[in-house]
Amino acid sequence: MSLHLEYLNPEQLAAVTAPDEHALILAGAGSGKTRVLTTRIAWLVKSGRVAPSGILAVTFTNKAAREMLTRVSAMLPVNPRGLWIGTFHGLANRMLRMHHREVGLPATFTIVDSQDQLAAIKRLLKGMNVDEERFPARELMYFISGQKEEGVRPREVRITDEMTKGYADLYAAYEEQCQREGVVDFAELLLRCFELLSRNEILRDHYSQRFRHILVDEFQDTNRLQYRWLKLLAGRSSFIFAVGDDDQSIYRFRGANVGNMADFERDFNVRKVVRLEQNYRSHGNILDAANALISNNRNRLGKNLWTSAGQGEPLRVFEGESDNDEARWLVEEVQALVRDGTRLSHVGVLYRSNAQSRVLEHALFSHAIPYRVYGGQRFFERAEVKHALAYLRLVASPDDDNAFLRVVNFPTRGIGARTIEQVQDTARQNSLSLFKAAEGKAVVFKKLIEDLRAEVQGLPLPEVVEVTVARSGLIEHYKTEREGAERIQNLEELVNAATAFVQEERVPEEGEPADPLTAFLTHAALEAGEHQAGDGQDALQMMTVHSAKGLEFDVVFITGLEEGLFPHEQSITELDGLEEERRLAYVAITRARHRLYLSHAQTRMLHGQTRYNIPSRFLEEIPQALMKWLTPRFSKKRAFEPDFSRTKEAFPLKRQSRDIGGFRIGQNVMHSKFGPGVIVDAEGQGTDARVQVNFGNQGLKWLAVSVAKLQAA
DNA sequence: TACTTTGTCCTTTTT
DNA sequence: GGACAAAGTA
């Protein structure tokens, strides 16, 4: 077992063998980031700098955590279980299970996913008779998660108006409900854990003494709370090794804060910044295109990828008359690639939004080209599986109201809306769980759950699952449904998943709940399961650009490069939204090893309407010398005359829209008081001209152009 | 109470 | 075009 340090380039070696101090590794796409991280861990242990138990490695996805664990195990002759390698949420969960009393949670607390969280919020709003027009459930969920991710509890919410006051009150009510039901959402896992460490000095010292080396993957994706969590955990005596790429920060919409990289450098007085710029993945032309594109972004830490491989072939660009035409062309190209010996699984088809896959799938399907679509429904998120899990949750803890409501009348057993409302009223008045409040009502269901609990008492986990599924009546129900066969299969698969879980998870990890059912439910919530049929078969790989991050393909198609789609129209009026779209395009381009196709279509069906799109600005930001047009460049001749009568507020038209006092929609501006902003809307002319500007945290403002002294930025 | 029809809204996603 | 929720019908 060797670390093979001799195969590392000088920068990689410098990172791997960095001294005991904080370090920031700017790791460009394809620069061997994972290798550096895993080798660093192995090197730390082998050189005797730290015991395996002194290492904490954090990732965002279970997949990344698994890969890290596997690769480290291959380099070290130690039981990998001693290493704390996991996702932010997984590690927080571990700590909370170990110290659940200190944070005021039951030992069997349940983790709810976003779906359940939304359901809980809807239920809350209904119960409180809140006008859902004024406070939409989804908005409230974003608000709550957003606040939690900033480390803000309800009483600390900055109240600026009636609206925020309302949101803050509902946030408080939501927290009470969760506490009463013993459930914890994703953001709560982190916040609770953060509060645990910040309040309990002894515990904090214990952990920061223990974890001398903290390694963080995808640092550009951390949110404020995760940053503060790391800071707390590091204390004064530990060293943080942060690996990230600011150019690949594409998750701002869910709270990621690229600024954490610059903050880290400053707050931790980082002296060691290593840039990994040598790319081992792509040919020169592809890298040049990526570099040129991303250089249009302003707020960068700065980095330029290079390769010792040749220039390779030019990027191939295609303009379709329509989305169907684009799909037809893609099929032909793929068929040609296959004839030339390319394996389908080495070809990635990328798009900005999921809705785009349909047309492509249709074309592929009718030409019998096997494909696999990533993303979408995961195993533990399927309705039938969630139903079965709800029964299991009630077995584990009958007071789980979310689970109760999900299955009290599913399959239908004559317990209607009115009965449920009565139970909910009783529950509210007496602060009881629905299960307890259902005394004398919903008798059939109550008895079912009670019998079930008695029956599975003491059985091994797989049998608990099997019996629960059998008694739930779900299978009989799906037998009557037309497309129920697959659902029944999934229910059977759930039993298999439980069997596999028991066999694999064997040695309980530190902090793993002793009760196997709770452990299994936690596993189901934390790991949605990338489980899909048809694995292993050679198939074309289709996915959104977001889900392509971290992957690579010999050949990549980036489709739908059109204004309004990519960059997405909604990004234009978000502060720094366009830069994030450009980073997204950068991620897409850098997935390709040898060949890259870029395509756009003149017309596209979207939301049931034909849209007339102009080519993406990103196509113009790539040097023409790197590209070979398969169709005449930006053909002036349009195959169809736009029929604007059916196009409401076509985005491209808006973009080209008129000047208002020297400004236009989508333009970045600077205001002396509110700082940077982006113009969202405009009205009036001349001295009356007004523009609406999105100032991010400062809010949305209407300003008179003649008064506001806006500067183009 | 349970199933069917109509109306509204549309990114990106992991935990 | 499709998911989801509210309103309508047996």
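In what follows, chains are A, B, ... by sequence order, proteins preceding strands, each numbered from 1.
The side chain of A:Phe253 has B:dT13 as its nearest neighbour among B:dA2, B:dT15, B:dT13. The A:Thr544 side chain lies nearest to B:dT13 when the options are B:dT14, B:dT13, C:dA5. For A:Thr412, the side-chain atoms get nearest to B:dC3 when compared with the rest of B:dT15, B:dT11, B:dC3. Distances were taken from every side-chain heavy atom of A:Thr61 (C-beta onward) to each of B:dT13, B:dC10, B:dT15; the shortest belongs to B:dT15. For A:His568, taking side-chain heavy atoms from C-beta onward, the closest of the listed nucleotides B:dT14, C:dA6, B:dT11 is B:dT11. Among the nucleotides C:dG1, B:dT13, B:dT12, the one closest to any side-chain atom of A:Ser353 is B:dT12. Nearest nucleotide to the side chain of A:His546, out of B:dT13, B:dT15, B:dT11: B:dT13.
The pair A:Asp246-A:Arg583 does not count as a salt bridge, with every side-chain nitrogen at least 4.0 angstrom from each carboxylate oxygen. Salt bridge status for A:Arg153 with A:Glu195: present, with a side-chain N to carboxylate O gap under 4.0 Å.
Put simply, A:Lys549 has no side-chain N or O that comes within less than 4.0 Å of OP1 or OP2 on B:dT13. Proximity of A:Asn62 to the phosphate of B:dT15: a side-chain N or O atom is located under 4.0 Å from OP1 or OP2. Taking 4.0 angstrom as the limit, A:Asn354 places a side-chain polar atom (N or O) nearer than this to OP1 or OP2 of B:dT12. Applying the 4.0 Å criterion to OP1 and OP2 of B:dT14, one finds that A:Arg378 has a side-chain N or O inside that range.
Taking atom NE2 of A:His89 as the reference point, atom P of B:dT13 lies 17 Å away to the nearest angstrom. In this structure, CG of A:Leu565 is placed 13 Å from C1' of B:dC10, rounded to the nearest angstrom. Taking atom CZ on A:Arg94 and atom P on B:dT15, their separation rounds to 16 Å, with Å as the unit.
Using a 4.0 Å heavy-atom criterion, one finds that A:Glu149 contacts no nucleic acid atom at all. Within 4.0 Å (heavy atoms only), A:Ser114 reaches at least one base atom of the nucleic acid. Within the 4.0 angstrom heavy-atom criterion, only backbone atoms of the sugar-phosphate kind lie near A:Phe60; the bases stay farther away.
Just one of A:Glu175, A:Glu181, A:Gln179 meets the side-chain contact (heavy atoms from CB on, under 4.5 Å) condition when paired with A:Gln177; it is A:Glu181.
Side-chain to base pairing of A:Arg352 with B:dT12: one donor and one acceptor N or O lie within less than 3.5 Å of each other.
Between C:dA6 and B:dT11, the two C1' atoms lie 25 Å apart (nearest whole Å). Comparing C:dA5 with B:dT12, their C1' atoms sit 24 Å apart, to the nearest whole Å.
Because its NZ or CZ atom is not both nearer than 6.0 Å to the ring centre of A:Phe379 and within 45° of the ring axis, A:Arg382 does not count as a cation-pi partner of that residue.
Across all strands shown, B:dT12 has no partner, as no Watson-Crick or G-U wobble contact with both distances under 3.5 Å is found.
No aromatic stack links A:Tyr251 and the base of B:dT14, using centre distance under 5.5 Å and interplanar angle under 30°.
Between atom CZ of residue A:Arg252 and atom CD of residue A:Glu579 there is a gap of 9.5 Å, rounded to the nearest 0.5 Å.
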